[in-house]
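Since the structure comes first, as structure tokens, the remarks are kept for the end.
Here the structure is a predicted model, which is why all the values come from computation and not from measurement. Here is the naming used below: chain letters follow the sequence lines, and residue numbers restart at 1 for every chain.
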Amino acid sequence: MDLYFYNTLTKRKDLFKPINPEEIRIYSCGPTVYKDATIGNMRTNIFQDILRRVLRYNGYKIKHAMNITDVGHLVSDGDEGEDKMLKSAREEHKSPIQIAEHYTKLFFDDLKSLNIETPEIVCKATDHIKEMLEYVEELIKNGYAYETSTAIYFDVSKLDKYPILTNIELENQKAGARVNVDPEKRNPYDFALWIKAPENHLMKWNSPWGPSYPGWHIECSAMGQKYLGDQFDIHTGGIDLIPTHHENEIAQSKGKCEKIPANYWLHGEYLLINGGKMSKSLGNVYLLKDIKEKGYDPLVYKIFSYSCHYRNKLNFTWEGIDAASKSLERLRNSYQKNLNGTDELPEEDKQKLVQIEENFHKAINDDLNMPLAMSFVWEVARFEKKNPEVANLLAKFDTVLGIKIDEISSQKEDIPQEILDLVEQRKIARENKNWAKSDKLRDLIAEKGYTVKDTKNGMELSKVSKGTPFFDMLQ
RNA sequence: GGCGCCUUAGCCAAGCGGUAAGGCACGAGUCUGCAAAACUCUGAUGAUCGGUCCGACUCCGAUAGGCGCCUCCA
């Protein structure tokens, strides 16, 4: 089945044609590990995960590289200011390496919680200083870079066209309006490839230009080329990376080998909080931890993100999380019911399932249209006949969704004896048709964080955790 | 100043030039001692105005409101 991606490079949906159908090569701009990853960052990681899963659903093998930026970007100014890694290090009284290790671990913990696959290649910037230096030297050799008293700059005027990802005319831009432009730069839009370190700079390496450290964009170019080659299939990142980071990666690659590094550039939109941007100053930054602490299964956030296309802004609200929580619970419920279902599936129904699967496949292949795909997931989840074949289809869909649809809630032995006693008492009360006592016990159990329900098959007990179904049957 | 995006039922949110997917919530019902769960049913003419067209939510223009980028940011 044809696969389409909206390509920032061409500004339209393009049919996906792999360079080598045997292996799709992808590069994703990963985290800068100097602070907690927010749920906004995670939205982008979820989008990248869906991309992987959809490619695999289509039978492709993948070689996916993601960088860990452990030598900081600059804090604020164009090419100056304190390094972010160093700032965190100073504030938290740790070494830059400790900071990087700490936040790298937290980042991967979040990915794990969200059932996001780890890329085949995870590469740290500080492990590739040599490759970066070689890259810069080559740019100088090719005439695309020059040295000033403070840095090595990329000369954008040497390119046939800059920028190419956006339609802006540089003359109309207010370069330097908010940032002081280094007077030694040849063009205001020249960016630093390599920066000469001040005396007391913590992270620095020896180079032909003395103790110094890399600029922001060079790491992705160097590592992308090392692991995926001069040209690979797909490059991804957040939408904010378009005008600067990705533009400059393209510039670097053109300067080095006259090629645009990737054929398809996919960008994920922002997550909004109450209709606006998430920012520390507004105090509306949420972490995955915050969602967990409210008792939600972290995968609830994943479902939540499927309600909106990755190229549209998604507004985060707790109401939305609550809705997603119900959805996750119901989908898992449906899976279990179908797994244990004994309804016959007539040929007609089997045909229907085949048709729905095709619709699902078409939706995910149309630029990862998850909201539409979810509507077909629901069609299956709400299928009238309950049969393991229906469960199998849900499981197949879950290879894309990654919501652990086959997960059931905690085991009986996790339930405290106190609760089990109350349940037993209630059972006796019900047998004696003492409804008043029975209801009172149910309230008491609820107060202690458990929910008890009466079904035809007996009582169901579950911990009140949001997103997991009620499947602890107590006979 | 420049570039760009968005506005669909209470909320979240798709597709589509030919009379609006889905999820959550609400309401009604089936079931149940009750409740819960499950299942069934139920709602929008598409920010406003104008144009093109046999026909527009879907194209074009204008207006209003909201948002993003041009600086580090997913």
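Proximity of A:Lys326 to the phosphate of B:A25: a side-chain N or O atom is located under 4.0 Å from OP1 or OP2. Under 4.0 angstrom from either OP1 or OP2 of B:G15 there lies at least one side-chain N or O belonging to A:Asn369. Distances shorter than 4.0 Å separate none of the side-chain N or O atoms of A:Asn312 from OP1 or OP2 on B:C12. Applying the 4.0 Å criterion to OP1 and OP2 of B:G23, one finds that A:Arg382 has a side-chain N or O inside that range. OP1 or OP2 of B:A38 sits under 4.0 Å from a side-chain N or O of A:Arg330. Residue A:Lys277 has a polar side-chain atom (N or O) positioned under 4.0 Å from OP1 or OP2 of B:C69.
Contact check on A:Arg53 versus A:Asp49 returns a salt bridge, with a Lys/Arg side-chain nitrogen under 4.0 Å from an Asp/Glu carboxylate oxygen. The existence of a salt bridge linking A:Asp439 and A:Arg442 is confirmed by a sub-4.0 Å separation between a basic side-chain nitrogen and an acidic carboxylate oxygen. Here A:Asp14 pairs with A:Arg12 in a salt bridge; the nearest charged N to carboxylate O distance falls below 4.0 Å. A salt bridge is absent between A:Glu269 and A:Arg311; no separation between the charged side-chain nitrogens and carboxylate oxygens falls under 4.0 Å.
Using a 4.0 Å heavy-atom cutoff across all strands shown, A:Arg430 reaches at least one base atom of the nucleic acid. Note on A:Gly268: nothing from the nucleic acid sits closer than 4.0 angstrom, heavy atoms only. Contacts of A:Tyr270 with the nucleic acid, taken as non-hydrogen atoms under 4.0 Å apart, include base atoms. Among the protein residues, A:Glu269 comes within range of the nucleic acid bases, having at least one heavy atom under 4.0 Å from a base atom. A:Leu271 comes within contact range of at least one nucleobase, with a heavy-atom separation under 4.0 Å. Nucleic acid contact for A:Trp378: sugar-phosphate only, since backbone atoms but no base atoms lie under 4.0 Å from a heavy atom of the residue. Contact annotation for A:Asn45: no contact, since no heavy-atom pair falls under 4.0 Å across all strands. Residue A:His309 is in sugar-phosphate contact alone, with no base atom involved, counting any heavy-atom pair closer than 4.0 Å across all strands shown. Within 4.0 Å (heavy atoms only), A:Asn315 reaches sugar-phosphate atoms of the nucleic acid but no base atom. Among the protein residues, A:Thr38 comes within range of no part of the nucleic acid, since none of its heavy atoms lies under 4.0 Å from any strand. In this structure, A:Ser327 reaches the sugar-phosphate backbone alone: every heavy-atom distance under 4.0 Å involves primed, P, OP1 or OP2 atoms, never a base.
Under the Watson-Crick or G-U wobble criterion, with both distances below 3.5 Å, B:C59 is paired with B:G51. Both distances falling under 3.5 Å, in either a Watson-Crick or a G-U wobble arrangement, occur for no nucleotide opposite B:U19. In this structure B:C34 sits in no base pair that meets the Watson-Crick or G-U test at under 3.5 Å. As the counterpart of B:C67, B:G4 is assigned, both hydrogen-bonding distances of the Watson-Crick or G-U wobble pattern falling under 3.5 Å. In this structure, B:C39 forms a base pair with B:G29, meeting either the Watson-Crick or the G-U wobble geometry with both donor-acceptor distances under 3.5 Å.
Between A:His235 and A:Trp265, the ring-plane angle classifies as parallel under the 30° and 60° cut-offs.
Comparing A:Ser438 and A:Asn41 by the nucleotide of RNA chain B that holds the closest heavy atom to each, the one mapping nearer the 5' end is A:Ser438. If A:Thr244 and A:Val452 are placed on RNA chain B by their nearest nucleotide, the residue sitting closer to the 5' end is A:Val452.
In this model, a side-chain donor or acceptor of A:Arg442 finds a partner on the base of B:A35 within 3.5 Å. A donor and an acceptor atom sit less than 3.5 Å apart, one in the side chain of A:Asp439 and one in the base of B:G33. Residue A:Asp240 places no side-chain atom within donor-acceptor reach of the base of B:C69, judged by atom type and a 3.5 Å distance cut-off alone. Donor-acceptor pairing under 3.5 Å, judged by distance alone, is absent between the side chain of A:Ser307 and the base of B:A13.
Atom CH2 of A:Trp318 is separated from atom C1' of B:A25 by 19 Å (rounded to the nearest Å). The separation between A:Asp110 atom CG and B:A74 atom P is 14 Å, rounded to whole Å. Rounded to an integer number of Å, the gap from A:Met374 CE to B:A13 P is 15 Å. Between the P atom of B:G33 and the NZ atom of A:Lys453 lies a distance of 17 Å, rounded to the nearest Å. What separates CG of A:Leu314 from C1' of B:G68 is a distance of 15 Å, to the nearest Å. Between the CZ atom of A:Phe304 and the P atom of B:C11 there is a distance of 15 Å, given to the nearest Å. The CD1-P distance, from A:Ile239 to B:C69, rounds to 10 Å in whole Å. Note: CG (A:Leu331) to C1' (B:A37) measures 15 Å, nearest angstrom.
Between B:U58 and B:C16, the distance separating the two P atoms is 14 Å to the nearest Å. Taking the P atoms as reference points, B:U63 lies 14 Å from B:G2, given to the whole Å. Here, B:G43 and B:G4 have their P atoms 42 Å apart, quoted to the whole Å. Spacing between B:A74 and B:G61 at atom C1', rounded to whole Å, works out to 35 Å. Rounded to a whole angstrom, the distance from the C1' atom of B:A56 to that of B:G18 is 9 Å. Spacing between B:G22 and B:A44 at atom P, rounded to whole Å, works out to 14 Å. Using P as the reference atom, B:G50 and B:C12 are 28 Å apart when rounded to the nearest Å. Between B:G46 and B:A14, the two C1' atoms lie 13 Å apart (nearest whole Å).
Side-chain proximity of A:Asp454 to the nucleotides B:C67, B:C34, B:A21 is greatest for B:C34. Distances were taken from every side-chain heavy atom of A:Glu319 (C-beta onward) to each of B:A74, B:C11, B:A35; the shortest belongs to B:C11.
Of the candidates A:Arg332, A:Lys404, A:Lys302, A:Lys292, A:Asp297 forms a salt bridge (charged side-chain N to carboxylate O under 4.0 Å, His left out) with just one, namely A:Arg332. The only option from A:Lys112, A:Arg52, A:His64 that meets the side chain to side chain donor-acceptor pair (under 3.5 Å) definition with A:Glu117 turns out to be A:Arg52.
Within the structure, every pair that satisfies the side-chain hydrogen bond (donor to acceptor under 3.5 Å, both in side chains) test and touches residues 380-390 of chain A, not counting sequence neighbours, is listed here: A:Asp349-A:Lys385.
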Given A:His246 and A:His267, is the side chain to side chain donor-acceptor pair (under 3.5 Å) satisfied, shown in steps?
CA-CA 10 Å; A:His246 287 169; A:His267 293 98; 2.7 Å; yes

